[in-house]
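Below is one structure, written out as structure tokens, with a few remarks after it.
Keep in mind it's a predicted model, so treat the numbers as computed, not measured.
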Amino acid sequence: MTLDRFELRTPHVVFGPGSRADVPVEVDRLGGRRVLLVADAYQPGVIDDLVAVLGSRLAGRAGQIAQHVPVGLATATVEEADRIGADLVVSFGGGSATGLAKLVARERGLPIVAVPTTYAGSEMTPIWGQSEGQRKTTGRDPQVLPRTAIYDPELTLGMPAGLTAVSGMNAIAHAVESLYAPDVSPLVAVLAEEAIRSLASALPSCVDAPNDLAARSDALRGAWLAGLALGNTTMGLHHRLCHVLGGFGLPHGEVHAAVLPYAVAYNAAAAPAAMRRVAAALGVSGTPGAVDGRTAPAALWQLGRRLGTPVSLVAAGFDPALTDEVTALLLANPPANPRPVEADGVRDVLKAAVSGEVPAISS
Ligand code: NAD
């Protein structure tokens, strides 16, 4: 008899409208006395409020944020943490702000209280990432997993439709790939399916009515669960491909949204059980031809059209002339994936994502 062992690694979570008021409570609970605030300035008023509630706990601020965390920015922020004698980092913003805080945590072992404002899910993972030149490096380190995540749906009210759509598809991508991960547990599978269901039903309302608090709450709850699924499994072709493309400076959410249906189509025949769960969560299990869940990639594509995500990877900034270079980089470090990753297959996924057509299942 074999024994399966499962552990769910998760930060402490505070969830609900107005929960940002709990930031000082969490800082105190973790013993923070000299806080470095890594804050994305997209909503200056909210940051002023945060500064006020932190009061004398606030020792310094880092306000420069960039996607994929350029190495120079990380170094400067670690130096700032040292200069002010920080003992805790509060991050406020999307995955880029969380990612910068994580690099400080990685270098100096400081705890993080994360206040996410997008659906990226980084606050739930021990994954750090940084970029230099045209290469992005990522790794896992338990030290960078935030100690607390504070989810306040009010912070996502008014998020532009474009960001809502691509960030939401980014979250769905975490949940989808966790479902066919080699280390998926029954617990994570339930979380992932619920994450997709929650996001897919809430995102259209969020895009149509950006101030709908009920829909924003459902979408953020889905993003939380999707992040948890990402943090507790090993990602496959889709995430690795988006990672390589991110190294070329392409925008994270847009790239995820443009690649997802095609990477999933590549894997569909090799991961029928996962496809059934994705199809069920997207509400297409009962449609003709959906018996084996193969409609999942088309349903993801359809959701992207409904939300208005970029139709083609080119619209997300990809230059098709880079296809061979991207393929070679991916194959230099191939991901764990239900279907073996081969050069022709990767090129086909990129070509299909450039075309933007309804994904075809391959085997
Ligand atoms: P982002 O953090 O770069 O934010 C995108 C833009 O949206 C920025 O201009 C920001 O100012 C703005 N913004 C943020 N919240 C907003 C809101 N509520 N309303 C309006 N504007 C808002 O984008 P992202 O997609 O959240 O994060 C992408 C980064 O996160 C990438 O670098 C990616 O690699 C990383 N990431 C890491 C993990 C992980 O587990 N380590 C997971 C997901 C993403």
Side-chain angles (χ1 to χ4, degrees), residues 66-75 95-96 99 102-103 106 120-122 125-142 144 170 173-174 176-184 230-271 274 297 312-314 316-355 359 362-363:
Q67 283 209 348
H68 312 302
V69 199
V71 169
L73 179 58
T75 306
S96 300
K102 282 177 162 181
L103 291 176
R106 181 168 175 247
S122 177
T125 84
I127 305 167
W128 56 267
Q130 64 182 9
S131 59
E132 188 163 27
Q134 291 192 325
R135 299 292 178 266
K136 185 171 170 182
T137 314
T138 59
R140 287 187 183 238
D141 181 344
V144 311
N170 181 205
H174 305 331
V176 170
E177 285 231 298
S178 76
L179 282 168
Y180 53 61
D183 47 1
V184 65
L230 166 67
N232 283 278
T233 52
T234 304
M235 293 289 108
L237 172 66
H238 171 76
H239 277 74
R240 186 61 61 76
L241 192 48
C242 293
H243 162 127
V244 172
L245 293 167
F248 288 90
L250 267 57
H252 186 76
E254 284 80 350
V255 165
H256 269 267
V259 170
L260 184 64
Y262 308 101
V264 175
Y266 181 85
N267 282 330
S312 158
L313 191 53
V314 172
F318 178 65
D319 176 357
L322 290 174
T323 298
D324 285 342
E325 190 177 347
V326 167
T327 304
L329 282 169
L330 191 123
L331 287 172
N333 185 15
N337 197 59
R339 177 177 165 193
V341 177
E342 286 152 5
D344 285 348
V346 177
R347 276 192 283 268
D348 285 349
V349 168
L350 286 168
K351 207 168 142 191
V354 164
S355 81
S362 56
S363 54

- Query: Going from CG on Asp324 to CZ on Arg347, what distance comes out if it is rounded to the nearest 0.5 angstrom?
  - Reply: 5.0 Å
- Could you give the distance from CG (Leu230) to OG (Ser178), rounded to the nearest 0.5 Å? 8.0 Å
- Note on the structure: Of all heavy-atom pairs linking Pro251 and Ala316, the shortest is CD-O, 3.2 Å
- Query: Which distance, rounded to the nearest 0.5 Å, do you find between the OG1 of Thr75 and the CD of Gln130?
  - Reply: 7.5 Å
- Message: Treating Lys102 as the side-chain partner and Gly129 as the backbone partner, does any N or O pair qualify as donor plus acceptor under 3.5 Å?
- Response: no
- Message: Are the side chains of Pro320 and Leu350 in contact, using a 4.5 Å heavy-atom criterion?
- Response: no
- Message: Can you confirm whether more than 12 heavy atoms, excluding those of Glu132, are under 6.0 Å from its CD atom?
- Response: no
- Task: Apply side-chain contact (heavy atoms from CB on, under 4.5 Å) to the pair Asp141 and Trp128, showing each step before the final yes or no.
- Result: CA-CA 7 Å; Asp141 181 344; Trp128 56 267; 3.9 Å; yes
- Query: Of the non-hydrogen atoms in Gly95 and Ser122, which two are nearest, and what is the gap between them?
  - Reply: CA-CB, 4.4 Å
- Note on the structure: Nearest heavy-atom approach of Ala258 to Ala353 is O-CB, 3.8 Å
- Query: Taking atom types as modelled, is there a side-chain donor on Glu177 or His239 under 3.5 Å from an acceptor on the other?
  - Reply: yes
- Message: Using a strict threshold of under 4.0 Å (side-chain N to carboxylate O), is an ion pair present between Lys351 and Asp348?
- Response: no
- Message: Main chain of Leu237, side chain of Asn337: is a donor-acceptor contact present, judged purely on distance under 3.5 Å?
- Response: yes
- Message: If I compare all heavy atoms of Ala74 with all of Val69, which pair ends up nearest, and what's the gap?
- Response: CB-CG1, 4.1 Å
- Message: Measuring from atom CZ of Arg240 to atom CE of Met235, what distance do you get when rounded to the nearest 0.5 angstrom?
- Response: 11.5 Å
- Item | Donor-acceptor pair, side chain of Ser131 and main chain of His68, under 3.5 angstrom | yes
- Decide side-chain contact (heavy atoms from CB on, under 4.5 Å) for Val354 and Thr323; before the verdict, give the C-alpha distance in whole Å, the side-chain angles of both, and the deciding distance to 0.1 Å. CA-CA 10 Å; Val354 164; Thr323 298; 5.9 Å; no
- Interatomic distance, SG@Cys242 vs CG@Leu260, rounded to 0.5 Å, equals 8.0 Å
- Item | Side chain to side chain, Val341 and Pro335, heavy atoms closer than 4.5 Å | yes
- Short side-chain to backbone donor-acceptor contact, Arg140 and Thr125, under 3.5 Å: no
- Give, for atom CG of Leu245 and atom CG of Leu250, the distance between the pair rounded to the nearest 0.5 Å. 6.0 Å
- Item | Under 3.5 Å donor-acceptor, Arg339 side chain and Tyr266 backbone | yes
- Message: Between Asn267 and His238, is there a side-chain heavy-atom distance shorter than 4.5 Å?
- Response: no
- Would you find a donor on one side and an acceptor on the other, under 3.5 Å apart, between the side chain of His243 and the backbone of Lys136? yes
- Message: Is the shortest side-chain heavy-atom distance between Leu329 and Arg135 below 4.5 Å?
- Response: yes
- Taking all non-hydrogen atoms of both residues into account, name the closest pair between Pro359 and Ala265 and its distance. CB-CB, 3.9 Å
- Validation row: Leu313, Tyr262 side chains within 4.5 angstrom (heavy atoms): no
